[in-house]
Amino acid sequence: MGDFVYVLPPELSQRIFSFLSPKDLALIANCSKKWRDVSNSDTLWIHHCMINGWLKYGISTGILYEQSQCMSPTNISGTSPVFTFEVIHKSGNTLPLTAKWKNIYARAQHLQRNWKKGRYIVGPILRGHKEPVTAFDSNGKILVSGSGDHTGKLWDLQIYKCTHTFTGFAEVITAVKIQGETIVISCADSSIHIYDAVTCKLLLTFHGGGSVDHMQIIGDLIVTANDDKCVYVWSIVERKLKHSMRGHTDDVECLCVYNHMACSGSWDKTMILWELQKGTGIHTLTGHTEVINCCQFDNQKVVSGSADGTLRIWSTETGECVRVLRGHTEDVYCLVYNDLIIASGSADSTVRLWTHDGVIKQVLRSHLGIVRCLHIDDDKIISAGDAKKICIWDYQRGKLINMVHRNPTLVNLMWINETKLITSSPEKPGTITVFSYW
């Protein structure tokens, strides 16, 4: 009997190969050039990427072109995280290029293993600020930081160098956002500065409302919470203040945006849901007995965390509190959620995982001191806080996957994408640390 791959139409051979695991599919490519040609199919490999939730790597991220970011890496685990994908070429070899989705599968699997096994390299510490770093944002290629030294700095993450310093601020920088080709920096002197991210040219400045304590961007709108207890909506396109929204009776402690709405939490123990186009309040959410430290919301629900030690789930449509989540014994400082779970971090040194029905699933214990930062994605939670601890958790099993042992500083801010974990220190002078998992 002959080799069926040579006998059957390619479509039928691919159908047979579709029953193989990714490992077996990769192995059979070594059998012959013909078997490699049939198994080297985007149709086969996109299916395996879809099963693992890796379609995003071929659609919205540049994982095919991602380069190792560290110039002089420190190898933590003894196994480099750097990805290599080699095809043996011999004289006269006419092998076609590896299929796009096979390449993506190999890269995504490598990246996932790096996060699980703690394979990372630490880039050179970003030093330059004389005072603590108070804000930063990144798009993975550049990073913009702001400090109590009244300056902002633009860093190239390929060479780990400061390429520009933003000056002209009279007070501490309070927030930084990178939006496409635009950099937005807010300051305690009541100013908002908009720069071109390529040329670093100042494009526009807004003033008013007292110290800008919090800032979010959605579309062409900048939403700020200032120390005059108001929430402001500024239009970059129209180059003007659109709305001044009043309702709180004390300082705003947290601010988040979603679609055409914003939600602000205050020391007055209330949250207000705002309509940004009209500049009006939709609902005032009352129930917490202390300051609201954190919030996140969507079209269905608002989730809030408070110094009263509780989380609350509210209906976005009605403004009613539908769940009270009790369990933390100290202030709740941070929260995140996705379609599966809600995670909260507290001064009681725990991260707690909840269902959206308010049922406690897991209590994650490894931190010492306050848990200040949380990040969630498809398969993991990353938490950071006092005592320099950064923990990576499998939230499905409620297990600690690994810990970032070489974090050199305390953590007050954290930014994460598919390949990098970036933290800043609240200490003086301000520093920023980049961990690359690629």
Side-chain angles (χ1 to χ4, degrees), residues 214 216 218 223 225 229 231 245-348 350-364 371-378 381 383 393 395-396 398:
H214 307 279
Q216 298 289 343
I218 185 162
V223 185
K229 310 177 185 61
V231 176
M245 303 185 296
R246 304 177 185 275
H248 287 297
T249 59
D250 208 336
D251 292 348
V252 174
E253 182 64 15
C254 59
L255 177 70
C256 56
V257 294
Y258 184 84
N259 283 348
H260 59 283
M261 296 180 290
C263 185
S264 56
S266 168
W267 281 85
D268 66 12
K269 308 171 188 176
T270 73
M271 289 190 299
I272 299 179
L273 200 62
W274 307 93
E275 213 291 331
L276 297 179
Q277 295 300 327
K278 298 178 181 178
T280 57
I282 303 171
H283 301 297
T284 298
L285 314 181
T286 60
H288 282 296
T289 59
E290 295 290 347
V291 57
I292 290 94
N293 290 321
C294 49
C295 62
Q296 182 181 335
F297 76 105
D298 55 40
N299 285 330
Q300 282 75 45
K301 62 186 171 299
V302 180
V303 183
S304 58
S306 168
D308 63 15
T310 69
L311 288 85
R312 287 176 180 256
I313 302 175
W314 317 74
S315 166
T316 304
E317 182 179 359
T318 67
E320 296 180 358
C321 179
V322 296
R323 302 273 192 289
V324 179
L325 285 55
R326 306 181 190 276
H328 284 296
T329 58
E330 299 289 345
D331 301 16
V332 176
Y333 273 82
C334 53
L335 68 86
V336 290
Y337 70 77
N338 61 12
D339 291 340
L340 299 176
I341 63 163
I342 299 168
S344 56
S346 168
D348 64 12
T350 69
V351 175
R352 292 177 183 259
L353 308 183
W354 317 78
T355 70
H356 285 271
D357 293 326
V359 178
I360 184 71
K361 289 188 64 178
Q362 301 280 351
V363 180
L364 310 181
V371 180
R372 299 185 182 274
C373 306
L374 283 173
H375 167 85
I376 191 169
D377 59 29
D378 293 340
I381 287 174
S383 58
W393 309 88
Y395 67 78
Q396 300 279 12

Does [X] use its side chain to pair, donor to acceptor, with the backbone of [Y] at less than 3.5 Å?
X    : Y    : result
D331 : A347 : no
S346 : T350 : no
Q216 : L255 : yes
N293 : V332 : yes
Q362 : L364 : no
T316 : D298 : yes
S306 : V291 : yes

> Heavy-atom count around E317 CD within 6.0 Å, excluding the residue itself: above 12?
Replying inline: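 At most 12 heavy atoms, drawn from other residues, nucleotides or ligands, come within 6.0 Å of this atom.
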> Yes or no on side chain to side chain contact (heavy atoms under 4.5 Å, CB included) for C263 and W274, after CA distance, side-chain angles and deciding distance?
Replying inline: CA-CA 6 Å; C263 185; W274 307 93; 6.0 Å; no
Quick one: [atom1] on [X] to [atom2] on [Y], what's the gap to the nearest 0.5 Å?
X    : Y    : atom1 : atom2 : value
L325 : L311 : CG    : CG    : 5.5 Å
L340 : T355 : CG    : OG1   : 11.0 Å
H248 : W267 : NE2   : CH2   : 14.0 Å
M271 : L285 : CE    : CG    : 4.5 Å
C256 : H214 : SG    : NE2   : 11.0 Å
C334 : H375 : SG    : NE2   : 13.0 Å

Does [X] reach the side chain of [Y], with side-chain heavy atoms less than 4.5 Å apart?
X    : Y    : answer
L335 : C294 : yes
F297 : M261 : yes
S304 : W314 : yes
V359 : W354 : no
I313 : V324 : no
E290 : H288 : no
N338 : D378 : no
I360 : L353 : no

>> Assess the residue pair Q296 and V336 against the criterion (side chain to side chain contact (heavy atoms under 4.5 Å, CB included)); give the C-alpha distance rounded to whole Å, side-chain angles, the decisive distance to 0.1 Å, and a yes or no.
In response: CA-CA 7 Å; Q296 182 181 335; V336 290; 4.1 Å; yes
> If you look only at pairs with a residue in residues 320-344, which of them pass as a ring-ring contact (aromatic ring centres under 6.0 Å, His included), with sequence neighbours excluded?
Replying inline: Y337-H356
>> Listing request: all salt bridge (charged side-chain N to carboxylate O under 4.0 Å, His left out) pairs with a residue in residues 245-271, at least two apart in sequence or in separate chains.
In response: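 Every pair satisfying salt bridge (charged side-chain N to carboxylate O under 4.0 Å, His left out) with a residue in residues 245-271: there are none.
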>> According to salt bridge (charged side-chain N to carboxylate O under 4.0 Å, His left out), who are the partners of R323, at least two apart in sequence or on a separate chain?
In response: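 Residues passing salt bridge (charged side-chain N to carboxylate O under 4.0 Å, His left out) with R323: D357.
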